[in-house]
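Inspection log for the structure reproduced underneath, given as structure tokens.
In what follows, every chain begins at residue 1, and chains take the letters A, B, ... in the order their sequences are listed.
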Amino acid sequence: MLLRVPHPWPLLPGRLVARYKRFIAEIDLESGERIRAHCVNPGRMEGQVRPGARAWVSPVPAASKRKLRYTWELVEEDGRIVGANTVAPNRVVADLLAARVLPGLKRFGQLRSEVAYAERSRVDFLLDGATPHYVEVKNCHLRYPDARGYFPDSVSARATHHLHALREVVEAGAKATVLFTIQRPDVEAIRPSILHDPAFAEAAREAGAAGVRFRAVTIQATLDSLDVMREIPVELAAYDTAPHARWQAKKLPWSGWRNDGP
DNA sequence: CATATTCTATGGTACCCGAT
DNA sequence: ATCGGGTACCATAGAATATG
């Protein structure tokens with residue numbers, strides 16, 4: 001294990017009832033209470049929004065002004081716990097960089113986050129050094145039976161825009177790394193999803209050829225912590241998507257959300 | 001200076017509108 | 001009738017900007 005990041009709050013177990021309008025997850029807690037939790041994940045969470053699936057939420061501090069008093073953190077898919085909170089990896093990567101664990105990402109002066117650059121873009125992390133190093137975090141949670149993680153799980157024009165911007169800073173002499181995180185340990189590599197967003201996949205190939213580095217780490221979510229397990233390769237090369245379409249068809253009945261409120 | 005409000009960003013959906 | 005494009009919307013955090 002590379003790094004252990006304990007949850008700031010204790011998690012409460014329950015079962016997913018439904019997801020509404022992208023942001024709201026209705027969950028039956030083991031205490032018997034039916035609650036509404038904020039779903040931080042803006043994506044479709046392909047295959048992971050199954051009614052009845054085990055899910056864990058964190059309580060929101062009493063002082064917070066949030067409407068929803070819980071945050072959906074983890075979900076069980078195929079008997080395995082998967083991280084569902086897309087904000088969490090940014091915190092994990094911040095710790096990972098600060099701990100200077102990853103080769104090539106450990107020698108730097110200052111670590112800044114959310115730094116504005118290029119055209120209407122903000123990079124997740126900027127490492128000061130002889131040459132500035134831009135680090136963009138991309139979280140993924142989609143796994144297909146080929147034991148690979150895929151990003152994105154929907155068309156993401158913004159992510160493609162980020163790749164073009166990173167390519168520009170590299171061509172201007174800076175260093176740039178796209179760091180994928182996948183919140184499950186059972187993958188051997190990560191690929192851009194040609195099936196979900198071919199433009200992103202092509203932009204990734206171009207950015208890679210231009211010198212943008214692509215790396216990935218697996219994160220094992222447990223009830224106590226998010227554990228950065230190991231670095232895995234990113235596979236940028238094009239591939240046949242026929243098997244992926246079949247795998248997706250099996251997951252799709254359980255995707256998305258309902259638009260009628262609970 | 002402290003506090004309050006506005007802005008930005010996130011992705012899929014539902015909606016409208018105009019063109020075929 | 002079906003299409004694609006544009007856009008508001010949903011909840012929230014955090015940054016940016018405004019107000020007292």
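- Residue A:Tyr70 contributes atom OH, which lies 14 Å from atom P of C:dT12 at whole-angstrom precision.
- In this structure, of C:dC10, B:dT13, C:dT12, it is C:dT12 that holds the atom nearest to the side chain of A:Leu68.
- Distance, A:Asp124 CG to C:dA13 P: 18 Å, rounded to whole Å.
- With respect to A:Glu46 and A:Lys250, no salt bridge is recorded, no charged nitrogen being found less than 4.0 Å from a carboxylate O.
- Listed by chain and residue number, nothing satisfies the side chain to side chain donor-acceptor pair (under 3.5 Å) test with A:Asp95 (two or more places apart in sequence, or in another chain).
- Between A:His196 atom NE2 and B:dG11 atom P there is a gap of 13 Å when expressed in whole angstrom units.
- Following rounding to the nearest Å, A:Lys138 (NZ) and B:dG11 (P) show an atom-to-atom distance of 8 Å.
- Residue A:Arg91 contributes atom CZ, which lies 11 Å from atom P of C:dG14 at whole-angstrom precision.
- With C:dC10, C:dT12, B:dT13 as the choices, the nucleotide that has an atom nearest any side-chain atom of A:His38 turns out to be C:dT12.
- With salt bridges taken as basic N to acidic carboxylate O contacts below 4.0 Å, none links A:Asp78 and A:Arg80.
- Spacing between atom CZ of A:Arg19 and atom C1' of C:dC10 amounts to 11 Å, rounded to whole angstrom units.
- Partners of A:Lys251 under the salt bridge (charged side-chain N to carboxylate O under 4.0 Å, His left out) rule, at least two apart in sequence or in another chain, are A:Glu77.
- Within 4.0 Å of A:Asn41, counting heavy atoms only, lies no atom of the nucleic acid at all.
- Going from atom OH of A:Tyr20 over to atom P of C:dC10 covers 17 Å, rounded to whole Å.
- A:Glu46 places its CD atom 17 Å from the C1' atom of B:dT13, with the value rounded to the nearest Å.
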